[in-house]
There are 2 protein chains.
Amino acid sequence: MATGRTHRPATRSRGIPEATVARLPLYLRALTALSERSVPTVSSEELAAAAGVNSAKLRKDFSYLGSYGTRGVGYDVEYLVYQISRELGLTQDWPVVIVGIGNLGAALANYGGFASRGFRVAALIDADPAMAGQPVAGMPVQHTDDLESIISDNGVSIGVISTPAGAAQQVCDRLVAAGVTSILNFAPTVLSVPDGVDVRKVDLSIELQILAFHEQRKAGEDVAEAAAVVPSAARAVAEAAADSSASVDGDGSGDSRKGPDGDVPAVMPA
Amino acid sequence: MATGRTHRPATRSRGIPEATVARLPLYLRALTALSERSVPTVSSEELAAAAGVNSAKLRKDFSYLGSYGTRGVGYDVEYLVYQISRELGLTQDWPVVIVGIGNLGAALANYGGFASRGFRVAALIDADPAMAGQPVAGMPVQHTDDLESIISDNGVSIGVISTPAGAAQQVCDRLVAAGVTSILNFAPTVLSVPDGVDVRKVDLSIELQILAFHEQRKAGEDVAEAAAVVPSAARAVAEAAADSSASVDGDGSGDSRKGPDGDVPAVMPA
DNA sequence: TCATGTGAAAAGATTCACAGCA
DNA sequence: TGCTGTGAATCTTTTCACATGA
């Protein structure tokens with residue numbers, strides 16, 4: 001292995017903190033919904049609720065973009081939609097290629113949200129010769145052999161990888177060599193890329209594992225804690241807690257971590 | 001709306017930071033690969049490289065779990081695989097339901113990584129009567145009417161939502177009422193859930209928008225970078241840049257529309 | 001000798017709380 | 001009066017650097 005390059009810090013893009021950038025799409029979505037309902041203005045409190053964050057955070061986020069609100073009133077919806085779109089680079093069109101047209105790749109190709117906001121699927125690419133020419137989402141699949149020319153002919157700078165894990169790095173290398181500088185990786189593998197190339201990953205099993213961690217914690221919370229050491233016991237605990245149907249109650253909240261503290265646990269190694 | 005119980009202090013076992021929890025699956029994957037190649041031990045440096053993080057972070061992460069390494073040697077691969085699996089709750093089996101068997105739902109159902117590590121697809125559920133009984137990934141799709149009984153009969157505590165955005169909240173409410181306490185949401189919408197329920201979201205268009213943001217930044221960098229007159233707004237940026245050593249990527253502060261420093265935005269009427 | 005484990009420092013993100021302006 | 005915008009305080013995460021122990 002050893003393809004050299006690993007991740008890179010690469011944060012601070014312009015003055016805007018990375019955490020803020022990651023929330024802008026959320027605000028944009030909420031604003032777009034308001035816009036469609038012809039709501040003219042919105043307060044930080046309302047918008048924050050719609051986006052699932054708290055208002056102080058939202059105001060702080062917006063303060064990095066500039067002063068786009070009106071004190072005592074709120075934000076002009078249309079204006080904010082425009083400003084955030086511009087900040088995110090959505091006022092231009094981004095051609096995207098999807099490499100790996102299996103179940104997932106096909107689902108992505110069919111996903112409407114793609115085209116809606118500034119992104120356009122320029123090509124679907126797969127290594128299987130049998131797929132070449134076959135239409136998926138109204139588009140003929142092209143063979144990997146033509147990857148380089150497709151990228152350059154269409155001026156593609158964003159690539160989506162939905163190949164099996166084993167093929168991902170190779171595909172990634174070819175995409176990068178052909179000029180792609182942003183990659184969205186659905187393959188369950190770590191990609192090595194040179195500096196200047198951004199990679200974001202979407203990984204189903206990682207998300208599930210994080211949920212399982214918290215789930216296990218919840219189960220243990222109600223009953224014993226020491227059970228955590230003994231797998232078989234933890235299982236019984238989990239099952240016991242499974243039927244405790246929760247009482248619903250309005251008010252949403254995202255996720256949250258609690259239980260500070262951090263004393264010594266430890267089970268000695270073998 | 002407080003239904004009495006706030007989060008229990010639960011000030012007991014390890015207070016593992018959320019950021020660390022999110023990386024454990026990454027380490028586990030890398031370790032599993034090493035295990036398959038029968039590698040007996042690994043150093044923090046090697047493992048970190050395989051997981052795409054730096055070694056200091058990895059060691060700090062592991063220190064929250066306990067002292068599982070051997071100074072001067074490294075970590076025992078098998079032992080670590082076990083410890084992390086246990087910590088993540090993967091030594092038990094988690095039945096999962098997938099609600100919304102469209103393109104994406106079907107792709108998820110077919111996704112192998114699901115079953116591999118502690119997760120088992122207990123049922124596929126869809127609201128379309130025409131789909132009921134139809135096999136997807138070797139499993140008959142069941143109708144939404146039976147959602148509650150499916151959840152309780154199988155002791156499901158983790159649900160995956162891959163419905164259209166419009167149906168997601170309703171499905172979420174039913175899952176939660178039926179006892180699900182962890183949700184992985186693929187629908188492009190913010191879900192409201194009561195305290196105690198975890199939601200994680202996977203959102204293609206958000207990821208693309210984040211990439212577009214950085215991509216736009218890169219494009220501007222080529223042109224403006226050289227002459228980049230740091231806008232007065234970039235005080236924080238300047239300080240950070242002074243410290244970060246060889247970070248390529250610069251900070252593309254060339255683009256200077258307006259800034260947080262109070263000058264007036266552009267045009268754009270209401 | 002060598003790589004872990006960890007205090008301490010630095011950087012980053014969130015929350016508080018209120019001044020300031022429409 | 002009401003809501004934005006933002007310094008300051010707080011909390012979290014990352015990085016540093018080295019004592020520690022196999």
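Just so it is clear, the structure is predicted and the values come from calculations on it, not from any experiment.
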(message) For B:Ser43, give me all partners under side-chain contact (heavy atoms from CB on, under 4.5 Å), at least two apart in sequence or on another chain.
(response)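 B:Ser43 satisfies side-chain contact (heavy atoms from CB on, under 4.5 Å) with B:Glu45, B:Glu46 once adjacent residues are dropped.
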
(message) If we check ring-ring contact (aromatic ring centres under 6.0 Å, His included) with B:Tyr68, which of these qualifies: B:Phe62, B:Tyr79, B:Tyr27, B:Tyr75?
(response)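 Of the listed residues B:Phe62, B:Tyr79, B:Tyr27, B:Tyr75, the ring-ring contact (aromatic ring centres under 6.0 Å, His included) partner of B:Tyr68 is B:Tyr79.
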
(request) Tell me, please, which residues at least two apart from A:Arg23 pass salt bridge (charged side-chain N to carboxylate O under 4.0 Å, His left out). (result)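 Salt bridge (charged side-chain N to carboxylate O under 4.0 Å, His left out) check on A:Arg23 returns A:Asp61.
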
(message) Heavy atoms only, 4.0 Å cut-off, all strands: where does B:Phe62 land among base, sugar-phosphate and nothing?
(response)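 Result for B:Phe62 = nothing.
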
Any side-chain N or O of [X] under 4.0 Å from OP1/OP2 of [N]?
X       : N      : value
A:Ser43 : D:dC3  : no
B:Tyr75 : C:dG5  : yes
A:Asn54 : C:dT15 : yes

Rounded to whole Å, how long is the line connecting atom [atom1] of [X] with atom [atom2] of [N]?
X       : N      : atom1 : atom2 : value
A:Asp76 : D:dC3  : CG    : C1'   : 15 Å
B:Glu18 : C:dA13 : CD    : P     : 16 Å
A:Leu80 : D:dC3  : CG    : P     : 16 Å
A:Leu47 : D:dC3  : CG    : P     : 14 Å
A:Glu46 : D:dT4  : CD    : C1'   : 14 Å
B:Lys57 : D:dT13 : NZ    : P     : 11 Å

(message) Do A:Gln169 and A:Thr189 pair up side chain to side chain, a donor and an acceptor below 3.5 Å, judged on atom types alone?
(response)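 Looking only at side-chain atoms, A:Thr189 and A:Gln169 do not form any donor-acceptor pair under 3.5 Å.
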
(message) As a test of reading the structure: which of D:dT14, D:dT6, C:dG5 is closest to the side chain of A:Ser67, going by heavy atoms?
(response)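 My answer, after comparing the listed nucleotides, is D:dT6.
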
Between the protein and nucleotides 16-22 of chain D, which nitrogen or oxygen pairs come in under 3.5 angstrom?
| residue | atom | partner | partner atom | Å |
| --- | --- | --- | --- | --- |
| D:dT20 | O2 | B:Arg71 | NH1 | 2.4 |

(request) Could you tell me whether B:Asp203 and A:Arg29 make a salt bridge, using a distance below 4.0 angstrom between a side-chain N and a carboxylate O? (result)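 Salt bridge present between B:Asp203 and A:Arg29.
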
(request) Flag the pair B:Ile183 / B:Val160 as yes when at least one side-chain heavy-atom distance between them is below 4.5 Å, and no otherwise. (result)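 With C-beta onward as the side chain, the pair stays apart.
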
(message) Can you confirm whether B:Val176 sits close enough to B:Pro194 that some side-chain heavy atom of one is under 4.5 Å from a side-chain heavy atom of the other?
(response)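 Side chain of B:Val176 against side chain of B:Pro194, heavy atoms only: contact under 4.5 Å found.
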
(message) Reading DNA chain C from 5' onward, which residue's closest nucleotide shows up sooner: B:Glu45 or A:Asp61?
(response)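 The residue whose closest nucleotide sits nearer the 5' end is B:Glu45.
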
